[in-house]
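Working notes, structure below.
Order of listing sets the numbers, starting from 1, for every ligand and every atom in it. What's counted below: heavy atoms across the whole structure, side chains too, no hydrogens, waters or symmetry copies. All of these numbers come straight from a predicted model, not from anything done at the bench.
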Amino acid sequence: MSTLHPTPEAIALAVAALRRGECIGLPTETVYGLAADARNPEAVRRVFALKGRPADHPLIVHLPSRHFLGPFARDIPDHAWALAEHFWPGPLTLVLAREFDVPTEVTGGQDTIAVRVPAHPVAQAVLHAFNGGLAAPSANRFGRISPTTAVHVRAEFDESVLPIILDGGPCEVGIESTIVDCSGGSPRILRPGMIDRAAIEDVIGPLADADPAGPRVPGALEKHYAPRTPLVLLPRAALGDGPGRGRVLAIGELPLGLPGLSLPADPTGYARGLYAALRSLDAARVDEIRVEQLPPGADWDAIRDRLHRAAAGSG
Ligand code: TXA
Ligand code: MG
């Protein structure tokens, strides 16, 4: 068993493993997930153990479609249904009041549950064949960079601990889903993503501002998405200045004579390539990763969020 092309046979193997309570590596359009049967407490505990994730940090349950919400969430408000109808399948996670019999392992003991319907065709195929909910955090060790290819997942978990990874190619979106809390009061964004505030407000009207005392979101920890190499954000003109050996992550063209990588100058292309670029710069074992500061503007906000956390947690 190993990294599998997502043939019908491989998908059947993956679903059989999930039914036995095993974890699999699953592609989604945002990042790869480490998926397990959301109804099987032992399987969910294994996800936490593999990731090294504290037990009180809840997981997102992935569903085949919004028609599967019933057994997981209750008292679903109209604005949550509107978001589900508009953005699912897609990179949006909703936090809702949880149904009473959802294993507490999944929700980290909270009375809410995070749910999303992923758009990736392989995730869709697995979920429909499984015909239920899959708890799936990003398939990285706790606090590290999320994986956006099957090779990244294999670098985190070898075959002895994760026999099956479905290879769905590089992730289209590249950073984790937007999380909107619809569990009570006015909805608000808990984690920014490529579905931005304006797109959400177009569907349901003005959102409340984030509440710093709200539910615990590990994505909201300062240190997260972090390379081992110290990472600093610098204006373009200063990218060549730092001490020691550095590698640059530039926007558009790489400045002449500087070693490193560049990403597209549009947020969609930049997000898609970001985690692979950070992984490869991290692997270069230099003294510093020097990331060009992002342009202003709300369409860069989700990427800005990930880079600030990467800087805070790096080294
Ligand atoms: O794009 C994504 O969302 C990816 C793919 C695999 O779907 N998943 C992902 O999962 O990013 P993870 O576990 O790395 O992040 C899940 C986030 C965490 O920040 C967690 O705190 C939050 O969702 N979360 C889960 N349940 C919650 C709840 N009941 N209330 C508030 N936040 C919750
Ligand atoms: Mg994660």
Side-chain angles (χ1 to χ4, degrees), residues 23-36 38 44 47-48 50-63 72-73 87-99 102-120 122-124 126-127 133-148 152-153 156 165-166 168 171-184 187-195 210-211 213-226 271 275 302 305-306 309-310 313:
C23 303
I24 66 159
L26 180 73
T28 84
E29 74 278 29
T30 57
V31 301
Y32 276 68
L34 187 63
V44 174
V47 171
F48 281 91
L50 277 176
K51 272 190 71 106
R53 176 165 168 140
D56 60 349
H57 288 199
L59 305 181
I60 296 172
V61 174
H62 296 65
L63 302 173
F72 291 95
F87 291 110
W88 285 354
L92 178 76
T93 295
L94 300 177
V95 172
L96 300 167
R98 77 175 174 93
E99 221 13 293
V102 176
T104 54
E105 283 80 358
V106 172
T107 58
Q110 310 214 30
D111 53 8
T112 55
I113 185 168
V115 283
R116 91 175 183 97
V117 175
H120 194 290
V122 175
Q124 278 283 316
V126 170
L127 283 162
L134 294 175
S138 52
N140 52 281
R141 309 266 172 176
F142 184 63
R144 313 307 317 187
I145 302 166
S146 294
T148 54
H152 296 164
V153 182
E156 298 276 333
I165 299 170
L166 292 173
C171 300
E172 277 279 314
V173 176
I175 63 171
E176 303 81 359
S177 60
T178 309
I179 303 181
V180 182
D181 183 2
C182 297
S183 66
R188 62 207 169 89
I189 294 177
L190 298 180
R191 179 174 71 184
M194 295 309 280
I195 293 178
D211 169 10
R216 193 201 312 259
V217 185
L221 290 177
E222 263 293 276
K223 293 187 180 188
H224 217 69
Y225 317 105
Y275 288 158
D305 168 81
R306 301 310 190 277
R309 291 175 204 291

Decide whether a cation-pi geometry holds between Arg306 and Tyr225; the criteria are a distance under 6.0 Å from NZ or CZ to the six-membered ring centre and an angle within 45° of the ring axis.
yes

Could you check if a side-chain atom of [X] sits within less than 4.5 angstrom of a side-chain atom of [Y], using non-hydrogen atoms only?
| X | Y | value |
| --- | --- | --- |
| Leu94 | Phe87 | no |
| Phe48 | Leu59 | yes |
| Leu50 | Cys23 | yes |
| Val115 | Arg98 | no |
| Leu127 | Pro118 | yes |

With rounding to the nearest 0.5 angstrom, report the CD1 to CD1 distance, Ile60 to Ile113.
10.5 Å

Could you give the distance from CD (Gln124) to NE2 (His62), rounded to the nearest 0.5 Å?
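One finds 11.0 Å between CD of Gln124 and NE2 of His62.
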
Could you tell me whether [X] approaches ligand 1 through its side chain, its backbone, both or neither, with non-hydrogen atoms closer than 4.0 Å?
| X | value |
| --- | --- |
| Thr107 | neither |
| Glu29 | neither |
| Thr112 | both |

Check the pair Arg188 / Val180 against side-chain contact (heavy atoms from CB on, under 4.5 Å), numbers first and verdict last.
CA-CA 6 Å; Arg188 62 207 169 89; Val180 182; over 6 Å; no

Would you mind listing which atoms of ligand 1 come within a distance below 4.0 Å of any non-hydrogen atom of [X]?
| X | answer |
| --- | --- |
| Ser177 | 1 (O), 2 (C), 3 (O) |
| Arg53 | 12 (P), 13 (O), 14 (O) |
| Ile179 | 17 (C), 22 (C), 23 (O) |
| Leu190 | 31 (C) |
| Arg116 | 1 (O), 2 (C), 3 (O), 5 (C), 7 (O) |
| His62 | 5 (C), 6 (C), 7 (O) |
| Pro137 | 10 (O), 12 (P), 13 (O) |
| Ile60 | 3 (O), 8 (N), 9 (C), 10 (O), 16 (C), 23 (O) |

Minimum-distance pair of heavy atoms, taken over all atoms of Arg53 and His57
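Smallest interatomic distance, heavy atoms only, reads NE-O, 3.1 Å.
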
List the residues meeting salt bridge (charged side-chain N to carboxylate O under 4.0 Å, His left out) with Arg116, not counting sequence neighbours, and say none if there are none.
Glu29

Side chains of Thr30 and Ser177, donor plus acceptor under 3.5 Å:
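Not at all, the side chains of Thr30 and Ser177 share no donor-acceptor pair under 3.5 Å.
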
So, Ser138 versus Glu176: side-chain donor-acceptor pair below 3.5 Å or not?
no

Considering Gly33, Pro58, Ala136 one by one, which has a heavy atom nearer to atom 8 (N) of ligand 1 than any of the others?
Ala136

Under 2.8 Å from the Mg ion (ligand 2), how many protein N, O or S atoms can be found?
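Those protein atoms number 1 in total.
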
Polar contact flag for Thr28 and ligand 1 (N/O pairs, less than 3.5 Å)
no

Any non-hydrogen atom of Arg191 lying under 4.0 Å from ligand 1?
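The answer is yes: ligand 1 sits under 4.0 Å from a heavy atom of Arg191.
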
